[in-house]
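Here's the structure we're looking at; comments come further down.
Below, all heavy atoms of this structure are taken into account, side chains as well, without hydrogens, waters or symmetry copies. Sequential numbering from 1 along the given sequence is applied to the chain's residues. Keep in mind it's a predicted model, so treat the numbers as computed, not measured.
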Amino acid sequence: MSLKSNLHNLKEKYKGTKMAPAFNALHTFLYLPNETTHNGTHIKVADDLKRTMNTVIMAMVPCLIFGMFNAGYQHYAAFGTPVDFLSWDAFYIGLIKILPLVVVSYGVGLAIEFLFAVIKGHEVEEGYLVTGMLVPLIVPVDTPLWMLAVAVAFGVVIGKEVFGGTGMNILNPALTIRAFLFFAYPTWMSGDKVWVHGAVERSKEIANGANLDAISGETILGSLAQGQETSYSVADMFFGFIPGSVGETSTLLILLGGLFLIFTKIGSWRIMVSSVVGALVMGLIFNGVVSAGWISEGSKFFGLMSTEFWYHLLIGGFAFGTVFMATDPVTASQTNKGKWIYGFLIGFISILIRVFNPAYPEGVMLAILLMNVFAPTIDHYVVQGNVKQRMKRLKVKTA
C-alpha cells in the first residue's frame with residue numbers, strides 16, 4: 001500500500017474525531033490540502049498564513065546562523081582563547097547552545113497549540129511558527145531550558161490562546177514570553193554575565209573561591225549606561241561582532257531581512273521607517289540636552305544621552321524589534337496613517353526607556369508591548385478622522 005493511501009486512510013480514521021485537528025496539522029505541515037470550496041465566491045491568492053509564516057522564518061534564518069557563530073566567537077574571546085569567527089569551534093559552541101533553545105521553543109509552544117486545537121475542536125493555526133523562531137533569537141545564549149519552557153507556556157496560553165488564538169491576540173506572543181522571562185528571572189536576562197556562554201558559571205566558581213580570572217560579557221548598552229566608553233567599533237556594531245541576545249546583534253542581516261519582508265509585502269515599510277525616525281528624533285533631543293549643558297558629565301543618564309543619536313540604531317535589540325516584531329500584522333496598527341504614528345511612537349519610546357532606565361538599558365520590548373495595547377485606539381481615531389473629513393466634503397458638495 002502506498003504512502004498516499006496510508007495517509008488517506010488515516011485521514012478518514014481521524015475524520016470527525018477530537019484528534020482530527022492534530023492529524024491534519026501534521027498531514028499538511030509542508031503543503032495545503034487538495035481541497036476546494038464548492039459554494040459562493042472566494043478570492044484566490046498566491047499567499048496564505050502558512051506561506052507568510054515560512055517567509056518570515058526564512059528572513060530570520062541568517063540571524064540564527066550568524067548567532068550560532070557569534071555565540072562561540074564571544075565565548076572564546078571572553079575566555080582569552082580567540083578563534084576565527086567562521087571556524088568550526090565557534091559554530092559548534094553556538095550549535096550546542098542555541099539548537100536546544102529552538103527545540104524547546106517549538107516543542108513546548110506547538111504542544112500547547114495542538115492541545116488547545118484538540119480541546120476546542122479547531123484546526124491548528126500556523127501563527128506559532130514565527131513565534132517559535134523569534135523566542136530563541138531574543139534571549140541570552142545561556143538561558144536555562146526549563147526557564148524557557150515555563151515562559152513559552154505562559155506566553156502561548158496567556159498572551160495568545162486566552163484571546164482566541166492566532167489573529168486575536170493583542171500582544172506580540174514572543175515579546176510576552178520575553179517580558180515574562182525578564183520580570184520573573186531578571187538575573188538571567190540582564191547584567192554583564194548572561195550574554196556570553198559560560199560567564200555565569202565562571203562567576204559562580206569565582207564566588208565559591210576558585211582561583212580564576214573574572215570575565216565580562218557586558219553589552220555596549222550596559223557599558224554606556226554606566227558612563228563607560230565601548231571598545232567596539234561601528235563596524236563591529238553593524239556587522240554584529242558584539243555580545244547580545246542570540247539573533248539581535250547583526251544590524252546588517254536584520255536590515256537584509258527587513259528588505260526581504262518589504263519585497264514580499266509581508267513587513268510594513270511604514271512601521272520600519274517611522275520607528276527609525278522616532279528613534280533618531282529622540283536621540284537628537286537627548287544629544288541636544290547634553291549639548292545645552294542641562295545634563296552634566298557624571299550623571300547616571302549622561303552615558304546614553306551623550307551617545308551619538310544614530311548609534312541607537314546599531315546597538316541593542318532596536319533593529320531586530322523594529323523589523324520582526326513591531327511589524328507583526330496582528331498586533332500592529334492596520335491603517336496606513338496609524339502605522340506611521342504607531343511606528344514613530346515605538347522608536348521614540350524605545351530610546352526614552354533606554355536612557356532613563358539604566359538598570360535595563362534596552363526599551364524596545366516594552367515600547368512595542370505598550371504600543372500593541374494602543375494600536376486599536378490609534379486606528380480608531382484615524383478612522384474617525386477620515387469619517388469626519390468625508391462628512392465635511394459631503395456637506396460642502398450638498399451646500
Side-chain angles (χ1 to χ4, degrees), residues 3-35 37 47-61 64 98-139 143-181 184 266 324-325 328-331 372:
L3 176 62
K4 185 176 181 180
S5 299
N6 286 330
L7 291 174
H8 177 74
N9 292 337
L10 285 172
K11 183 176 182 180
E12 292 299 318
K13 176 182 177 181
Y14 287 111
K15 187 175 181 180
T17 68
K18 274 187 168 295
M19 295 304 296
F23 173 78
N24 291 338
L26 295 172
H27 185 209
T28 62
F29 180 69
L30 295 176
Y31 61 89
L32 289 177
N34 186 25
E35 299 173 354
T37 54
D47 63 336
D48 54 46
L49 185 59
K50 193 190 300 283
R51 288 191 180 95
T52 299
M53 297 297 106
N54 288 335
T55 301
V56 179
I57 291 173
M58 285 190 289
M60 289 189 287
V61 166
L64 174 67
I98 296 172
L99 189 58
L101 296 177
V102 177
V103 172
V104 169
S105 174
Y106 273 115
V108 175
L110 290 177
I112 295 173
E113 290 271 7
F114 273 62
L115 179 63
F116 270 83
V118 170
I119 293 174
K120 297 167 70 174
H122 62 68
E123 293 298 320
V124 177
E125 297 152 336
E126 293 88 353
Y128 190 78
L129 292 178
V130 168
T131 302
M133 180 63 73
L134 279 171
V135 172
L137 295 180
I138 60 176
V139 297
T143 303
L145 298 181
W146 69 267
M147 198 179 290
L148 183 67
V150 171
V152 168
F154 174 88
V156 175
V157 175
I158 303 300
K160 184 178 178 183
E161 293 298 340
V162 296
F163 292 103
T166 300
M168 304 298 292
N169 49 291
I170 62 172
L171 299 175
N172 184 287
L175 285 176
T176 304
I177 294 169
R178 182 66 170 79
F180 176 86
L181 282 170
I266 292 176
F324 293 112
M325 289 180 282
D328 176 12
V330 175
T331 57
N372 284 167

- Note on the structure: Residues M133 and I57: closest non-hydrogen pair is CE-CG2, 4.0 Å

- Query: Pick one: which of L148, V102, L99 meets side-chain contact (heavy atoms from CB on, under 4.5 Å) with P136?
  - Reply: V102

- The single option from V135, I138, V139 passing side-chain contact (heavy atoms from CB on, under 4.5 Å) against L181: V139

Kindly compute the distance separating [atom1] ([X]) from [atom2] ([Y]), expressed to the nearest 0.5 Å.
| X | Y | atom1 | atom2 | result |
| --- | --- | --- | --- | --- |
| I158 | I177 | CD1 | CD1 | 12.0 Å |
| L171 | D328 | CG | CG | 10.5 Å |
| S105 | L145 | OG | CG | 11.0 Å |
| N172 | M325 | CG | CE | 6.5 Å |
| T131 | E113 | OG1 | CD | 8.0 Å |
| L129 | T55 | CG | OG1 | 11.5 Å |

- Y106 and Y128 aromatic ring geometry - parallel, tilted or perpendicular at 30°/60° bounds: perpendicular

State, yes or no, whether a side-chain contact exists between [X] and [Y] at a heavy-atom distance under 4.5 Å.
| X | Y | answer |
| --- | --- | --- |
| V104 | V152 | no |
| T331 | I170 | no |
| R178 | L134 | no |
| N169 | T176 | no |
| V150 | F180 | yes |

